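Just so we're clear, the structure is a prediction, and the values are computed from it rather than from any experiment.
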Amino acid sequence: MQQLEAARGRAHVPLKRRAEEEAWWQSAPWWVGIIVAVMVAMGLKILFDEDYDLAWKNIIPGVWITIRSTIYIFLIALILGLLAGLGQVSNNVVARNVARAYVELVRGIPILPLIFTLALVIIPDVSAAVGAENSVPNDWRAILALALIYGAYMAEIFRGGIQSIARGQTEAGRSLGLSRRQTMRSVVMPQAARSIIPPIANDFIAILKDTSLLSVVGVLEITRRTRQYSASSFKFPEAFFTMTFIYLALVLALSTVLTLFEARMTRDRAGER
Amino acid sequence: MNMISVQGLHKTFNKTIHAVRGVDLEVAAGEVVVIIGPSGCGKSTMLRCINLLEVPTEGEVSIDGADLMDKGTDLDLVRAEVGMVFQSFNLFPHLTVLDNITLAQKKVRKRSKEDAEVEARKQLERVGIPDKADAYPRQLSGGQQQRVAIARSLAMGPKVMLFDEPTSALDPEMIKEVLDVMLELAEIGMTMVVVTHEMGFARAAADRVVFMDEGVIVETGPPDEMFSNPKEERTKAFFDQILP
């Protein structure tokens, strides 16, 4: 008894556990405030500091190229990913192995070296081999390269989503007389979409950020323009802070849109699992 | 001609597990056949071979004269004529009860939305849950889900109904509501092959009971005879274990 009291440090003060409720300042989303503050500070700088304004004016033409590339890459990768994902779960031996080889090859090589190889060697060589030398403009070589890379990443998302649906669902569809294709479209895919959409949205944002890699093969997007401007003007802090501000603004805007879209697509319809 | 004809059926999994080892089974139109036997005896595999959910390793399967092992036969068309009810219901969780029942009618039978819904409501009435059309599967009890699954199959107007342990995943108080629906089907002359452990159902509804063990049919006969006076030792041993 005495030992216990000694252990408490003070005698006769009962120690009771109490469920602690977080105070408002503990649960408040301060991080939103921090990001907003950073954005506002950078925005004001661009508005009122001439050097930043000059950097902004030099970089901003690249924004359209970044956005356009992101959308093309996402759409092409989505189609490639769907095809390769379905290919991997196909009964067709050729389709299955081609899809698998494509996915494993791409996943086994880092993005940057693969962009060099695809955009500067494989795509021009292939177009030359089919008798259309120099038919693919430089920007499109880069877009196709990144689309091929993300297509393989998305293939894994589609495959995983499809395989997460219990086999009984396919059996029930087939035993009602639905064809393989009908079962995939009406039974498996709608259910798989729920687990496919969030990681695909994630890849959309990753593509937006990875378009910066296209600067290495001469696409005049945000990063390329920043490097050109900073190298000629020696205004490194102005150029790089403006660049990061633009990327952050783009990513925050896209992720807000995607979050809203996801909430709509995966919202629980009454009672559905 | 027999509605279902199975001859010399073998099914091997991964070249090692010999689940079905030579089964012959003829089922006449309107006949109710109940298949019983210990777990792992190959009865479910045999049933799943009848609509080629499992492709037989060897043997012949035909339904209403259509040879299912012939690659020229359109399996989807045959499967539309063969209803299948699973132990785990396998309703489509993303669709309402009504959409569960109309999906294949529209896609396979090419019925209009209106016709399909009329048929769906008729079948829901028959299985006793007309008020659940707009519910999602998850909102229903196991017994109700299984009755929806039966309605979904019946809406296709099948010639044959296969039941793969339809009550094994149900709580005891829900078994009866499903068996009642099945008994009614048997009475109106549906051709049925039922894999089950419900001996009461076998006694009440079966024209013929088939006892399987280790991948072969050991004994077959009318239910009274089988239950009261089995000829084979293995059948006797099985009944001794499960009947009070």
Q: Under 4.5 Å heavy-atom distance to chain A, tell me which part of B/R48 shows up: side chain, backbone, both or neither.
A: side chain

Q: Okay, side chain of B/N90, backbone of A/G168: is any donor-acceptor separation there less than 3.5 Å?
A: yes

Q: Counting C-beta onward and ignoring hydrogens, is there a side-chain heavy-atom pair between B/L103 and A/V187 closer than 4.5 Å?
A: yes

Q: Examine whether an atom of A/R185 lies under 4.5 Å from a heavy atom of chain B, and if so say whether it belongs to the side chain, the backbone or both; otherwise answer neither.
A: neither

Q: Less than 4.5 Å apart, any side-chain heavy atom of B/M156 and any of A/L176?
A: yes

Q: Tell me whether A/Q26 at atom CD has more than 12 heavy atoms from other residues, nucleotides or ligands lying less than 6.0 Å away.
A: yes

Q: To the nearest 0.5 angstrom, please state how far the OG atom of A/S179 sits from the CG atom of B/L77.
A: 11.0 Å

Q: Do you know which two heavy atoms are closest between B/N51 and A/S175, and how far apart they sit?
A: ND2-CB, 3.7 Å

Q: Counting distance only, does the side-chain N/O of B/H94 pair as donor-acceptor with the main-chain N or O of A/A192 below 3.5 Å?
A: no

Q: What part of A/E171 gets within 4.5 angstrom of chain B, counting heavy atoms only: side chain, backbone, both, or neither?
A: both

Q: Give the minimum heavy-atom separation between A/Q182 and B/K107, together with the two atoms involved.
A: NE2-O, 3.5 Å

Q: If you take all heavy atoms of A/R174 and B/D76, which pair is closest and at what distance?
A: NH2-OD1, 3.2 Å

Q: Between B/F86 and chain A, with a heavy-atom cut-off of 4.5 Å, which part of the residue counts as in contact: side chain, backbone, both or neither?
A: side chain

Q: Looking at B/L91, is its backbone amide N or carbonyl O close enough to the side chain of A/Q169 to form a donor-acceptor pair, meaning the two atoms are under 3.5 Å apart?
A: yes

Q: Can you tell which part of B/Q87 gets under 4.5 Å to a heavy atom of chain A, answering side chain, backbone, both or neither?
A: neither

